[in-house]
*Asks:* 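Pasting a structure below so you can have a look.
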Amino acid sequence: MSLIRRRVSSSLPRLSKFAIRSLKSLKFPGESLDSSTSPVLTHGIHVFQCPDEVGIVAKLSDCIASRGGNILVADVFVPEKRKFSIPGVNLFLTLLNGQGNKWMKTSSSYKDPKYKIGVLVSKQDHCLVDLLHGWQDGKLPIDITCVISNHDRLPNTHVTHFLERHGIPFHYLRTSKENKREEEILELVQNTDFLVLARYMQILSGNFLRAYGKDIINIHHGLLPSFKGGNPSKQAFEAGVKLIGATSHFVSEELDSGPIIEQMVERVSHRDNLRSFVQKSEEVEKQCLAKAIKSYCELRVLPYEVNKTVLF
């Protein structure tokens with residue numbers, strides 16, 4: 001299968017700066033981009049967004065069926081403001097052309113693409129290790145192009161051996177308050193589809209976010225919007241909570257305030273100490289981040305309004 005790149009179409013209205021992905025240059029070997037000339041059927045996931053009105057589902061179904069397409073699974077969400085969408089439509093179809101382009105926004109993901117990601121990490125490796133093994137086992141549709149850290153790794157660690165064995169570049173960029181090394185990071189990740197902050201304990205500037213221009217997924221070791229910032233496990237322990245958790249969210253200019261993709265919780269009690277709080281939190285973080293990445297790659301995350309998402 002040829003390389004699939006995610007691009008935002010400049011001819012379509014930008015509904016949100018998060019997670020809007022469109023494949024405009026998709027072409028399979030021997031297949032024309034004009035569906036009228038190609039009999040090849042492709043398995044994919046398509047997301048349609050447009051204003052709500054009576055008969056849209058019927059129109060979409062007829063359009064797909066008239067081109068030999070077959071819908072396997074479909075889901076619908078209509079917010080209170082009545083912007084209509086069918087996220088996660090799994091179907092066999094040739095590429096649609098012509099119909100609906102003036103009133104409908106379409107994002108597409110075809111079967112088994114590998115999304116190029118860069119991973120940023122600080123001292124703690126548990127989320128990074130989980131991502132590496134998820135990639136190795138084929139559980140996540142990603143290719144890890146590089147790992148960037150503001151903390152160096154000793155040569156005989158498990159992470160170092162794993163990265164060397166699989167040919168994944170590791171870049172140590174020591175940071176300071178005066179220099180976050182953002183220009184160097186941008187150079188290293190310019191060919192990625194999105195970034196993952198796997199417990200990267202540096203705040204990325206607005207200039208970096210605008211220069212990168214693509215989605216960045218973060219894992220926060222706390223249940224947002226509570227316990228923002230540093231040491232959320234300690235904050236939760238001192239607050240005497242009975243549930244701790246993790247939040248995976250899109251990165252925005254405001255700290256820990258981007259749209260939430262996934263949250264998971266774990267019960268704790270008065271018998272737990274700070275150490276067991278942290279241990280339980282780390283397990284939840286790994287699961288939450290992996291699920292968020294998988295959902296994102298499968299186009300199951302639909303942003304709407306200013307700071308909300310729908311997860312199918």
*Asks:* May I ask you to check whether Glu262 and Gln287 show a side-chain donor-acceptor distance below 3.5 Å?
*Replies:* no
*Asks:* Would you call Lys214 and Asp193 a salt bridge, using N to O less than 4.0 angstrom?
*Replies:* no
*Asks:* Kindly compute the distance separating CD1 (Ile168) from CG (Leu132), expressed to the nearest 0.5 Å.
*Replies:* 5.5 Å
*Asks:* How many angstroms lie between CZ in Phe77 and CG in Leu311, if you round to the nearest 0.5 Å?
*Replies:* 11.5 Å
*Asks:* In terms of relative ring orientation, are Tyr212 and Phe208 parallel, tilted or perpendicular, with 30° and 60° separating the classes?
*Replies:* parallel
*Asks:* For the residue pair Leu128 and Val147, establish whether any side-chain heavy-atom pair is separated by less than 4.5 Å.
*Replies:* yes
*Asks:* Look only at the side chain of Ser66 and the backbone of Asp62, and say whether a donor-acceptor pair between them is shorter than 3.5 Å.
*Replies:* yes
*Asks:* If we only count heavy atoms from C-beta on, is the Arg199 to His126 side-chain gap below 4.5 Å?
*Replies:* yes
*Asks:* Which atom names give the shortest non-hydrogen contact between Leu186 and Ala211, and what distance separates them?
*Replies:* CD1-CB, 3.7 Å
*Asks:* What heavy-atom pair brings Ser176 and Lys180 nearest, and what distance separates the two atoms?
*Replies:* O-CD, 3.6 Å
*Asks:* Tell me whether Gln279 at atom CD has more than 12 heavy atoms from other residues, nucleotides or ligands lying less than 6.0 Å away.
*Replies:* yes
*Asks:* Using 0.5 Å steps for rounding, measure from the CD1 atom of Ile244 to the CD atom of Glu283.
*Replies:* 11.0 Å
*Asks:* Report yes if some heavy atom in the side chain of Val57 is under 4.5 Å from a heavy atom in the side chain of Leu60; otherwise report no.
*Replies:* no
*Asks:* Using only atom types and a distance under 3.5 Å, with no angle test, would you say the side chain of Thr192 pairs donor to acceptor with the backbone of Lys116?
*Replies:* no
*Asks:* Go through it in stages, so that I can follow the logic: the residues are Asp125 and Arg153, the test is side chain to side chain contact (heavy atoms under 4.5 Å, CB included), and I'd like the CA-CA distance, side-chain angles, deciding distance and then a yes or no.
*Replies:* CA-CA 10 Å; Asp125 285 334; Arg153 298 299 189 273; 2.7 Å; yes
*Asks:* Quick one, His133 and Lys139 - any side-chain contact, counting heavy atoms below 4.5 Å?
*Replies:* no
*Asks:* If you measure from the Lys or Arg side-chain nitrogens to the Asp or Glu carboxylate oxygens, is any gap between Lys294 and Glu298 under 4.0 Å?
*Replies:* yes
*Asks:* Should the pair Arg181-Glu184 be classified as a salt bridge under the 4.0 Å nitrogen-to-oxygen rule?
*Replies:* yes
*Asks:* Given the rule in the side chain to side chain contact (heavy atoms under 4.5 Å, CB included) test, do Asp152 and Phe170 qualify, once you have shown the distances and angles that lead to the verdict?
*Replies:* CA-CA 9 Å; Asp152 204 359; Phe170 175 81; 3.7 Å; yes
*Asks:* Would a 4.5 Å heavy-atom cut-off, applied to side chains only, mark Val159 and Val129 as touching?
*Replies:* yes
*Asks:* Given side chains that start at C-beta, do those of Cys297 and Leu140 come closer than 4.5 Å, heavy atoms only?
*Replies:* no
*Asks:* Applying side-chain hydrogen bond (donor to acceptor under 3.5 Å, both in side chains) between Ser205 and each of Glu253, Arg210, Glu182, report the one that passes.
*Replies:* Glu182
*Asks:* More than 12 heavy atoms of other residues, nucleotides or ligands under 6.0 Å from NZ of Lys242: is that the case?
*Replies:* yes
*Asks:* Do the side-chain N and O atoms of Ser276 and Asn273 include a donor-acceptor pair separated by under 3.5 angstrom?
*Replies:* yes
*Asks:* Considering non-hydrogen atoms only, spot the tightest contact between Ser252 and Leu209 and give its length.
*Replies:* C-CD1, 3.6 Å
*Asks:* How about Arg275: does its CZ atom have over 12 heavy atoms from other parts shown lying under 6.0 Å from it?
*Replies:* no
*Asks:* Do side-chain atoms of Ser257 reach the backbone of Leu255 as a donor and acceptor pair under 3.5 angstrom?
*Replies:* yes
*Asks:* Using only atom types and a distance under 3.5 Å, with no angle test, would you say the side chain of Thr157 pairs donor to acceptor with the backbone of Leu154?
*Replies:* yes
*Asks:* Just one of Ile148, Asn150, Leu120 clears the side-chain contact (heavy atoms from CB on, under 4.5 Å) bar with Leu173, so which one?
*Replies:* Ile148
*Asks:* Output the distance between atom NE2 (His249) and atom SG (Cys288), rounded to the nearest 0.5 Å.
*Replies:* 9.5 Å
*Asks:* Heavy atoms only: give me the nearest His171-Cys146 pair and the separation to one decimal.
*Replies:* CD2-CB, 3.9 Å
*Asks:* Are Ile117 and Leu195 packed together at the side-chain level, in the sense that at least one heavy-atom pair is separated by less than 4.5 angstrom?
*Replies:* no
*Asks:* Parallel, tilted or perpendicular for His166 and Trp135, by the 30°/60° rule?
*Replies:* perpendicular
*Asks:* Give a yes or no on whether Ile203 atom CD1 has more than 12 heavy-atom contacts from other residues, nucleotides or ligands under 6.0 Å away.
*Replies:* no
*Asks:* Quick one: do the Ser281 and Glu285 side chains pair a donor with an acceptor below 3.5 Å?
*Replies:* yes
*Asks:* Rounded to the nearest 0.5 Å, how far does CE of Met201 lie from OG of Ser149?
*Replies:* 12.0 Å
*Asks:* Kindly indicate whether the side chain of Ile142, heavy atoms from C-beta on, has any atom under 4.5 Å from the side chain of Lys114.
*Replies:* no
*Asks:* Quick one about Tyr296 and Asp215 (side-chain donor to acceptor, distance below 3.5 Å, no hydrogens or angles considered), yes or no?
*Replies:* yes
*Asks:* I'd like to know whether NZ of Lys291 has more than 12 heavy-atom contacts from other residues, nucleotides or ligands below 6.0 angstrom.
*Replies:* no
*Asks:* Apply side chain to side chain contact (heavy atoms under 4.5 Å, CB included) to Leu302 and Thr309, showing your working.
*Replies:* CA-CA 5 Å; Leu302 177 70; Thr309 60; over 6 Å; no
*Asks:* Between Ala198 and Leu131, which heavy-atom pair has the shortest distance, and what is it?
*Replies:* CB-CD1, 4.3 Å
*Asks:* On a heavy-atom basis, which atom in Arg267 and which in Leu243 lie closest, and how many Å separate them?
*Replies:* CA-CD2, 3.8 Å
*Asks:* Start with the C-alpha gap between Asp130 and Leu289, add the side-chain angles, then the distance that decides, and say whether side chain to side chain contact (heavy atoms under 4.5 Å, CB included) holds.
*Replies:* CA-CA 9 Å; Asp130 189 69; Leu289 180 59; over 6 Å; no
*Asks:* Let me confirm one number: the OG-OH distance from Ser122 to Tyr200, rounded to the nearest 0.5 Å.
*Replies:* 6.0 Å
